[in-house]
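Here is the structure we will look at, set down as structure tokens.
Since this is a predicted model, take the numbers as computed values, not measurements. These numbers come from the heavy atoms of this one structure, side chains and all, not from hydrogens, waters or symmetry mates.
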Amino acid sequence: MDSTEFRKRGREMVDFIADHFDNIRDRRPFPTVQPGYLQELVPEEAPQEPEKWEDVFADIERVIMPGVTNWHSPQFHAYFPTGMSYAAICADMLSDAIGCIGFTWAASPVCTELEVKMMDWLGKALKLPKEFLHCTGGQGGGVIQSTASEATLIALLGAKSNVIHKQKQLHPSWSEYKIMSKLVAYTSEQSHSSVERAALLGSIQIRHLRADDNYSLREDVLEKAIIEDKAAGRIPFFVVATLGTTSSCAFDNIKELGPVCVREGLWMHIDAAYAGSSFLCPEYRHLLDGVEFAESFNFNPHKWMLVNFDCSAMWVRNRQSIIEAFTVDPVYLKHNSQETMPEFRHWQIPLGRRFRSLKLWFVMRLHGIKGLQEHIRNQIALAQEFKAFLLQDKRFEVVAPVTMGLVCFRVQGSNELNKCLLERLNEDGRIHLVPSQIHSMYFLRMAVCAANTESSDIAFAWNVIQEVATQLLAETDNEVNHERAHNDRQIFEMSAEG
């Protein structure tokens, strides 16, 4: 494919993408294919000779689209949003064309320098403490990671390296293995599974602490755990606080947890993967109060800020805590300017890095902070509309506070009844939901995901849920009545025999 054909085929692909999103409501949010469906559609070996563009393009609908889960469908309400905008798609096109592997400033200066600028733009928009910004000349700064999971792991490894160094100074005779065996981290029982996985990868024992009635981790629980572990000879060193948990979008109380961490010398990492975008709005910024006590903070613009995956924004108070944990400096990566600009290869696990800051640059310029705020407020308002529908129907209950764009609900009844409701809704195929469970309570999650979701889509989802629930409850009532009649007959027969 030369540049002339690229111009032609590129236009065709852009048209396909635009048509896809214009007509996405016509597609099922979740595919009907079964595991292994692709095996019969794709040959066992790659072609020896080049194929025609027309054949490849035709196979998009035949091979690819039947297996696509349409995350950007307004009828997709599972998990959390994954960002998408035409601005970000255009940025990724340019990033792919430039094709830099920005592991050092010298590898592509603009890749590093734009990232520094964009992380400061974003940090200022969130009103982060100046200690987290590059532009203040301090020890902190921001970096783009691939996911919040990776950011949590990096924070844990940085904290681990830091505490091992301190303990070696206090106890010169202790081996690194002995120190590691004593380390303990903390998080809420409501935190994401990636926190537990980070501890697993870092060979660290972690305690999942009980949340309160609003599913929030509080200071008294953390303090009690620290006292217990210190008494047992363990070394508390790391806390992950979540702002916007996956199960119910609950918020740990970082204004309480933060002072405990500072007093006890623990690294507090804040995971705001989903909810962090809402802090762009002044009316939700208070939920981030307490970030001044954190050593690191992370959220995903690729969830709710119209930035396509992947783009996970992470800030650290003291970059040396991360750099010292990850620095390996072979001669072939050194250059004359590495003391004047950040070397982001030392802030992450991989060496290579994509030009992801382009997406932030395009999105923040083409939408503006006001446009992003409007998007977030609209999605939160849509969640409130769905909550209002639920409150009007006594068969349903809302099981967690609705703060962001997530509504957790269940039909009045047993867990099995709610599992059956979810199964039928997803089999029906008009909308797609996923469940969660807190303690012994099973419930359904309804997230406002697609950027183009409208009030009519919320009403559509509610009508589907009502329709399927009405049918299910009618069948359940019939079964109960049948069982009751059967028992009555048995009692009558036994009485007659007597």
Distance-minimising heavy-atom pair for [X] and [Y]:
X      : Y      : result
Ala211 : Ser188 : CB-OG, 4.0 Å
Ile206 : His208 : CG2-CE1, 3.9 Å
Gly102 : Cys111 : CA-SG, 4.0 Å
Ile98  : Leu358 : CD1-CD1, 4.4 Å

Is it true that the side chains of [X] and [Y] contain a donor and an acceptor less than 3.5 Å apart?
X      : Y      : answer
Ser312 : Asn300 : yes
Trp105 : Glu113 : yes
Ser321 : Glu295 : no
His346 : Glu324 : no
Gln75  : Arg430 : no
His134 : Asp120 : no
Trp304 : Ser278 : no

How about [X] and [Y]: do any of their side-chain heavy atoms sit closer than 4.5 Å?
X      : Y      : value
Trp347 : Ile323 : yes
Val116 : Pro342 : yes
Asp310 : Arg354 : yes
Leu287 : Met404 : yes
Met180 : Ser203 : yes
Trp462 : Glu385 : no
Leu128 : Leu288 : yes

[X] with [Y]: basic N within carboxylate O range, under 4.0 Å:
X      : Y      : value
Arg356 : Asp92  : no
Lys255 : Glu219 : no
Glu223 : Arg263 : yes

Could you tell me whether a side-chain N or O of [X] sits under 3.5 Å from a main-chain N or O of [Y], the two making a donor and an acceptor?
X      : Y      : value
Glu292 : Gly290 : yes
Arg353 : Ile144 : yes
His77  : Met446 : no
Lys160 : Gly202 : yes
Asn70  : His72  : no

Indicate, with yes or no, if the rings of Phe80 and Tyr274 have centres closer together than 6.0 Å. yes
Ring centres of Phe389 and Phe396 under 6.0 Å apart? no
Nearest-0.5 Å distance, [atom1] of residue [X] to [atom2] of residue [Y]:
X      : Y      : atom1 : atom2 : value
Met364 : Leu372 : CE    : CG    : 8.0 Å
Gln145 : Ile349 : CD    : CD1   : 8.0 Å
Phe443 : Ser247 : CZ    : OG    : 5.5 Å
Cys261 : Leu257 : SG    : CG    : 6.0 Å
Phe344 : Glu115 : CZ    : CD    : 4.5 Å

Steps toward side chain to side chain contact (heavy atoms under 4.5 Å, CB included) verdict (Leu382, Glu454): CA-CA 7 Å; Leu382 291 173; Glu454 301 173 353; 5.8 Å; no
For the residue pair Lys182 and Trp174, would you count it as a cation-pi contact if the rule is NZ or CZ under 6.0 angstrom from the ring centre and within 45 degrees of the ring axis?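 Yes, cation above the ring, under 6.0 Å and within 45°.
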[X] [atom1]: over 12 foreign heavy atoms closer than 6.0 Å:
X      : atom1 : value
Arg285 : CZ    : yes
His165 : NE2   : no
Glu196 : CD    : no
Met441 : CE    : yes
Lys419 : NZ    : yes

Applying side chain to side chain donor-acceptor pair (under 3.5 Å) as the test, list every pair that has at least one member in residues 363-377; sequence neighbours left out. Glu283-Arg377
Please determine whether side chain to side chain contact (heavy atoms under 4.5 Å, CB included) holds for the pair Ser191 and Thr245, giving the CA-CA distance in whole Å, both sets of side-chain angles, and the decisive distance to 0.1 Å. CA-CA 6 Å; Ser191 67; Thr245 60; over 6 Å; no
Picking from Asp213, Asp252, Asp212, what satisfies salt bridge (charged side-chain N to carboxylate O under 4.0 Å, His left out) with Arg218?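 Answer after filtering Asp213, Asp252, Asp212: Asp212.
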Going through the distances and angles, do Lys224 and Asp220 end up as a side chain to side chain contact (heavy atoms under 4.5 Å, CB included)? CA-CA 6 Å; Lys224 181 174 182 291; Asp220 58 329; over 6 Å; no
With Cys135, which of Lys124, Lys117, Met119 fulfils side-chain contact (heavy atoms from CB on, under 4.5 Å)?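 In the set Lys124, Lys117, Met119, the residue that makes a side-chain contact (heavy atoms from CB on, under 4.5 Å) with Cys135 is Lys124.
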Among residues at least two apart in sequence or on other chains, which ones pass salt bridge (Lys or Arg N to Asp or Glu O under 4.0 Å) with Asp229? Arg207, Arg234
Does the pair Ile465 and Val411 meet the rule for a side chain to side chain contact (heavy atoms under 4.5 Å, CB included), with working shown? CA-CA 10 Å; Ile465 291 168; Val411 69; over 6 Å; no
